[in-house]
Each structure stands twice: as structure tokens, then as C-alpha cells.
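Note that the structure is a prediction, hence the values are computed from the model and not measured.
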Amino acid sequence: MDKISHILVATDLTDRSERPLERATQLCRDGRAERLTLLHVVAVGLPPTLTAQQQNGAETFLAGKIAQQDAVGMQTPATVIVRTGDPFSTIISESIRVKADLILVGAPGESPYAHTVVGTTAERVMRFGECPVLLVNQPPRGSY
């Protein structure tokens, strides 16, 4: 695999989002990526106070994740972005804005009825994104 300039990890902060972060960390530690961005999207329509709390909480949580990555030897510069909006369109627009070469997303949730017409966020990002998307279902077990 050639060097990747910029990896964008889209996270909903669930345990499913840990797997893409682990894979991104591995790619960075292996020297395959030059930059890493963690992106979380807060839902639209929440009261302003709750939106601010969720934004602050997500920024703190993801900053802690970056600190953990630094502790295990990842030297790739990493940043956190927290936005409010529709997850699908925000992931696409942020990937374009930061010039991501690769988007990592976790496996979709297990809801039997959710998104039956339009698809999950991950599916739509894969279909409509302007760069490759890696759907990470399993924890890394070796080099990629």
C-alpha cells in the first residue's frame, strides 16, 4: 500500500468506531499515513445547551483518544473535528475540505429497519464519497 496523505476517521463514538480508529492508528504507526483526523457529527435539532455539551464532550473524548495513540508510538499529526449536522453530508464535506485520501468508518448498527430506503451512513459515504472508504468490521489482527 502506498503512502496516504490524510486519513479521516468518522466516528459516532460507539464501540463500533473503535475498530476504524485502531486500523488508522496501525496505518499511522506503520508509516503509511502523514495526517490523521477524527471526525464526530453531533445530531441536528438538539437544544443549544445540549448541542454545546455534546460538542465539548466529543472533543474531550477524541482528544483523549489522540493522547492514547501518542502513548503507543503514533507520531502522525492528528486533529479532532466536531461538527453539527447530518452525518452523511458532513462526513463527505469534511473529507473534501481536509483533502482526505481515505475515509475509515465502522460497521453499521444492527437495527433491522433503520435506513432501509436510503441506506446507512456508512453505505452512503461509500457510494457518494470522493475518495476510497474502508469499512472496518473487525479489530486489526495484523498489518494491512
Going through the distances and angles, do V80 and T37 end up as a side chain to side chain contact (heavy atoms under 4.5 Å, CB included)? CA-CA 6 Å; V80 170; T37 297; over 6 Å; no
Please tell me whether I7 and M126 are part of a single hydrophobic cluster in this structure, the criterion being side-chain heavy atoms less than 4.5 Å apart. no
Where do V9 and L36 land on the side chain to side chain contact (heavy atoms under 4.5 Å, CB included) test, with the steps shown first? CA-CA 8 Å; V9 177; L36 173 66; 3.7 Å; yes
From OG1 (T11) to CZ (R19), nearest 0.5 Å: 12.0 Å
Have T51 and T84 got a donor and an acceptor in their side chains that come within less than 3.5 Å? no
For a quick test of reading the model, state the closest non-hydrogen atom pair linking A33 to C28 and the distance between them. CB-SG, 3.9 Å
Cluster overlap L39 with V98, hydrophobic side-chain contacts below 4.5 Å: yes
Path from L38 to V125 over hydrophobic side-chain contacts below 4.5 Å: no
Determine whether I103 and I91 make a side-chain contact, defined as any pair of heavy atoms from C-beta on separated by less than 4.5 Å. yes
Quick check for you: to the nearest 0.5 Å, what is the distance between T79 atom OG1 and L8 atom CG? 8.5 Å
Pair R97 + E94: basic N to acidic O under 4.0 Å: yes
pair D86-V41: side-chain heavy atoms closer than 4.5 Å: no
One should read off an interatomic distance between E22 CD and Q69 CD, to the nearest 0.5 angstrom, of 8.5 Å
Passes side chain to side chain contact (heavy atoms under 4.5 Å, CB included), L134 versus V105? Steps please. CA-CA 6 Å; L134 179 60; V105 295; over 6 Å; no
Mind checking the NE2-CG spacing from H40 to D12? Nearest 0.5 Å is all I need. 7.5 Å
One should read off an interatomic distance between E123 CD and F128 CZ, to the nearest 0.5 angstrom, of 11.0 Å
So, H6 side chain and R35 main chain: donor-acceptor pair closer than 3.5 Å or not? no
Test item: E18 side-chain N/O and D15 main-chain N/O as donor-acceptor pair under 3.5 Å: no
Test side chain to side chain contact (heavy atoms under 4.5 Å, CB included) on T76 and E34 and set out the steps. CA-CA 6 Å; T76 304; E34 296 173 2; 5.7 Å; no
Look at the side chain of T90 and the backbone N and O of P87, then say whether any donor-acceptor pair between them is shorter than 3.5 Å. no
Distance only, no hydrogens: is a donor on one side chain within 3.5 Å (strictly under) of an acceptor on the other, for R29 and Q26? no
Can you find a heavy atom in the side chain of L13 that is under 4.5 Å from one in the side chain of L62? yes
Is there a path of hydrophobic side-chain contacts, each under 4.5 Å between heavy atoms of I, L, V, M, F, W or Y residues, that connects L102 with L135? no
With rounding to the nearest 0.5 angstrom, report the CG to OG1 distance, L27 to T25. 9.0 Å
